[in-house]
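In this chain, residues are counted from 1 in sequence order. These numbers come from a predicted model, not from an experiment. Values below: all heavy atoms of this structure, side chains included; hydrogens, waters and symmetry mates excluded.
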Amino acid sequence: MSKNLKTIDERIERIYRLAKEHFGEVRFVGIKKHTKIGWVAKIQFDEFESLIAEGVDATDALKKLRKRLRKIIDRYNMV
């Protein structure tokens with residue numbers, strides 16, 4: 001198997017670790033298929049609002065969620 005091919009579980013685990021490392025408690029990181037808008041990836045925190053990203057497939061939604069999380073972390077680190 002190629003090193004570039006990551007499973008959805010690996011992507012979720014990576015997002016979970018990244019969020020927990022920077023924000024503390026993470027209640028939930030997951031993905032689901034929504035009937036009207038497609039795939040939705042979500043991080044739910046204990047003390048903050050949830051982060052949500054939509055995509056055409058599960059991998060796309062998770063990539064967008066990770067990118068969004070990275071932007072927030074980078075912005076937070078600039079301050």
(request) Give the other cluster members for Phe23, using side-chain heavy-atom distances under 4.5 Å between Ile, Leu, Val, Met, Phe, Trp and Tyr residues; answer none if it is isolated. (result) Ile8, Ile12, Ile15, Tyr16, Leu18, Val26, Val29, Ile31, Trp39, Ile43, Phe45, Phe48, Leu51, Leu62, Leu65, Leu69, Ile72, Ile73
(request) Can you sort out the partners of Arg68 under salt bridge (Lys or Arg N to Asp or Glu O under 4.0 Å), two or more places apart, ordered by chain and number? (result) none
(request) Would you please name every residue forming a salt bridge (Lys or Arg N to Asp or Glu O under 4.0 Å) with Glu25, sequence neighbours left out? (result) Lys20
(request) For Lys64, check salt bridge (Lys or Arg N to Asp or Glu O under 4.0 Å) against everything at least two apart and list the hits. (result) Asp60
(message) Show, in sequence, the C-alpha distance, side-chain angles and deciding distance for Arg11 and Lys63, and conclude whether the side-chain contact (heavy atoms from CB on, under 4.5 Å) test is met.
(response) CA-CA 8 Å; Arg11 290 182 190 280; Lys63 282 180 181 178; 3.7 Å; yes
(request) Share the residues that join Ile37 in a hydrophobic cluster, the rule being Ile, Leu, Val, Met, Phe, Trp or Tyr side chains under 4.5 Å apart at the heavy-atom level. (result) Val40, Ile52
(message) So which atom in Ala61 and which in Ala41 form the shortest heavy-atom distance, rounded to 0.1 Å?
(response) O-CB, 3.6 Å
(request) Return the set of residues passing side-chain hydrogen bond (donor to acceptor under 3.5 Å, both in side chains) with Arg70 (not counting sequence neighbours), or none when no residue passes. (result) Asp74
(request) Can you run down the side-chain hydrogen bond (donor to acceptor under 3.5 Å, both in side chains) pairs that involve residues 26-37, sequence neighbours left out, and say none if there aren't any? (result) Arg27-Asp46
